[in-house]
Amino acid sequence: MYALIDCNNFYASCERVFRPDLNGRPIVVLSNNDGCVIARSNEAKDLGIPMGAPAFEYQELFDKQNVLVFSANFPLYGDMSNRVMAILSEYSPEVEIYSIDECFLKLDGFGMFDLWEYGLQMRAKVLKSTGIPVSVGFAPTKALAKLANRIAKKFPDRTKGVYNMATSELRDKALKWLKIEDVWGIGRRHALRLNARGVKSAFDFTQLNDEWIKKNMAIVGLRLKRDLCGIRTLDLEETKSKKNIATTRSFSNNIVDFEQLRERVSSYAVSCSEKLRKQKSCCKELSIFILTNRHRADQAQYSRSIRIKLPFATNSSIEITKYAIVALKRIFRSGYGYKKAGVIVGDFVPEEAEQLSLFTDKNPRHSALMHALDNMNKKYGKNTVRLSVQEKRMWKMRQEKLSPHYTTDLNDIITIRV
DNA sequence: TCTGGGGTCCTAGGACCC
DNA sequence: TCTGGGGTCCTAGGACCC
């Protein structure tokens, strides 16, 4: 069996942990730049605020309904996630942390356990230790565990937040209940195509013939079908080392100017380099992309990306920025208003396994320099020391409703009046 | 006026090689 | 008039996830 444990309305719940006065009130959390809604409390969902809603379109509703709005506070959510995952990892030796708010447990050899009771224990422990409510679903495969979790979340009164899909009768009943567009792995495009073919439920999907699925949804669709039929196909992913690291941002205004775009891209390259050094890796390739505002049909559109191989593995901000600018020059076209850009590094090798190369101009002194730079920025604050090609004044994200970093910054720890 | 960021995997088509 | 087969690498894009 597998379990899927999922934090309810995770970001909204994190905000609530330190603000119990917000219980029962509608809360939304916004993306970077306070752009769109990325998390909602149940009360906010009941007001009809959809996931991904642009904040400016819903401002009026927020005001009228007294919706509490928060800017995304990722240091807080990341820290709370670590706490939740640490607790859940005690419930099975085989764990896959699937996302910031979800994890799979593999429960082979748990046949003697009353899983529903086991789930209730997890739930209670996480709630008591962190203040975060979770839902738990048990089933024979991962795709079905996702479904079981959905049932637990949808019917909290009947399930107490824990559902065990123990028999094939329960499985078929659940598959018939689940709408095709809500199946894990079926996105908007496939849902449309399937609906047009009369496939309305997950059960209908499991009745399709393999050839059609292979042709229209490739191998991914076939795997999903098997998993939904109860045949173990998707297994726990190994504790995955990342294959890519990205820093990408939308700009609040269009950028026309090459120099301005270069400043931004340089900052993103430096940020990727810092992330690389943090996980003690070097990269051997680098991609960058730039694109115009796709929401503006009246403006000329252009989007392009490029990937380049580096002559040696590196995590030096100086080297990575240098190549990012080389790449940018190759895809930049003047005459467009750019809205977004990003740097992605990949093809990693461990820092200590760096290949020494005779014929490249890798500077061996960079690693000491980067070390010093990281230390200064750690001590005196982010971006205290930076490359001259980066922005003169760091461009600030819009974060008008940011909550304190309750658990990751000593200055933000809550005070309790006695 | 304002519309996120960070990931994964898969496939198609062109260039190029032998 | 008729014009191969098999492979790799790269770019771009599609589709999905949270």
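First the proteins, then the strands, lettered A, B, ... as listed; each starts at 1. What you see is a predicted model, and the numbers here were worked out from it, not measured in a lab.
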Hits for side-chain hydrogen bond (donor to acceptor under 3.5 Å, both in side chains) against A:Asp182, two or more places apart or cross-chain, chain-then-number order -> A:Arg150

| Sequence neighbours excluded, which residues qualify as side-chain hydrogen bond (donor to acceptor under 3.5 Å, both in side chains) partners of A:Arg197? |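 Checked A:Arg197 against side-chain hydrogen bond (donor to acceptor under 3.5 Å, both in side chains); zero matches.
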
| message | Strictly by salt bridge (charged side-chain N to carboxylate O under 4.0 Å, His left out), give each pair with a member in residues 50-63 of chain A just once, sequence neighbours left out. | response |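 Counting only pairs at least two positions apart or across chains, no salt bridge (charged side-chain N to carboxylate O under 4.0 Å, His left out) contact touches residues 50-63 of chain A.
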
**Message:** Looking at A:Lys275, I'd like to know whether one of its side-chain N or O atoms comes within less than 4.0 Å of OP1 or OP2 on B:dG6.
**Reply:**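 Yes, because at least one side-chain N or O of A:Lys275 sits under 4.0 Å from OP1 or OP2 of B:dG6.
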
message: Using OP1 and OP2 only, check whether a side-chain N or O of A:Lys309 sits under 4.0 Å from C:dC9.
response: no

What nitrogen or oxygen pairs link the protein and nucleotides 1-4 of chain B at under 3.5 Å?
| from | atom 1 | to | atom 2 | distance (Å) |
| --- | --- | --- | --- | --- |
| B:dT3 | OP1 | A:Lys339 | NZ | 2.2 |
| B:dG4 | O4' | A:Ser31 | OG | 2.7 |

For A:Lys401, check salt bridge (Lys or Arg N to Asp or Glu O under 4.0 Å) against everything at least two apart and list the hits.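 Checked A:Lys401 against salt bridge (Lys or Arg N to Asp or Glu O under 4.0 Å); zero matches.
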
Determine whether a donor-acceptor pair (N or O, by modelled atom type, separation under 3.5 Å) exists between the side chain of A:Asn23 and the backbone of A:Pro20.
yes

Checklist entry - With rounding to whole Å, what would you report as the distance between B:dC2 and C:dC18 at their P atoms? => result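 Looking at atom P only, B:dC2 and C:dC18 are 30 Å apart.
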
| For A:Val326, all residues meeting side chain to side chain contact (heavy atoms under 4.5 Å, CB included), sequence neighbours excluded |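 So A:Val326 forms no side chain to side chain contact (heavy atoms under 4.5 Å, CB included) with any residue.
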
Residues at least two apart in sequence or cross-chain that pass side chain to side chain contact (heavy atoms under 4.5 Å, CB included) with A:Leu170, listed by chain then number, are A:Tyr163, A:Met165, A:Thr167

Sorted by number, residues from residues 220-230 of chain A placing a heavy atom under 4.0 Å from DNA chain B are A:Val220, A:Arg223

Quiz prompt | Ionic contact status for A:Arg277 with A:Glu351, cut-off 4.0 Å | solution =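 Salt bridge: no.
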
Output all residues satisfying ring-ring contact (aromatic ring centres under 6.0 Å, His included) with A:Phe104, sequence neighbours left out; order by chain, then residue number.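 Testing A:Phe104 for ring-ring contact (aromatic ring centres under 6.0 Å, His included), a comparison that skips the adjacent residues, returns A:Tyr98, A:Trp184.
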
Which side-chain N or O atoms in residues 85-92 of chain A pair as donor and acceptor under 3.5 Å with protein atoms at least two apart or in another chain?
| from | atom 1 | to | atom 2 | distance (Å) |
| --- | --- | --- | --- | --- |
| A:Ser89 | OG | A:Met85 | O | 2.7 |
| A:Ser92 | OG | A:Glu94 | N | 3.1 |
| A:Ser92 | OG | A:Glu94 | O | 3.3 |
| A:Ser92 | OG | A:Lys106 | O | 2.7 |

What is the nucleic acid contact for [X], judged by heavy atoms within less than 4.0 Å: base, sugar-phosphate only, or nothing?
X: A:Leu30; result: nothing
X: A:Ile245; result: sugar-phosphate
X: A:Val343; result: nothing

In whole angstrom, what separates [X]'s [atom1] from [N]'s [atom2]?
X: A:Leu192; N: C:dA15; atom1: CG; atom2: P; value: 10 Å
X: A:Trp184; N: B:dC9; atom1: CH2; atom2: P; value: 13 Å
X: A:Ile331; N: C:dT11; atom1: CD1; atom2: C1'; value: 12 Å

- Item | A:Arg304 charged N/C atom sitting above A:Phe289 aromatic ring, 6.0 Å / 45° | no

Base-pair string, DNA chain C, Watson-Crick plus G-U, cut-off 3.5 Å on both distances, | for inter-strand, is ....||||||||||||||

Worksheet item: Do the rings of A:Phe74 and A:Tyr11 sit parallel, tilted or perpendicular, given the 30° and 60° boundaries?
Response: perpendicular

Any N/O pairs under 3.5 Å between the protein and nucleotides 12-14 of chain C? List them or say none.
| from | atom 1 | to | atom 2 | distance (Å) |
| --- | --- | --- | --- | --- |
| C:dA12 | OP2 | A:Ser305 | O | 2.6 |

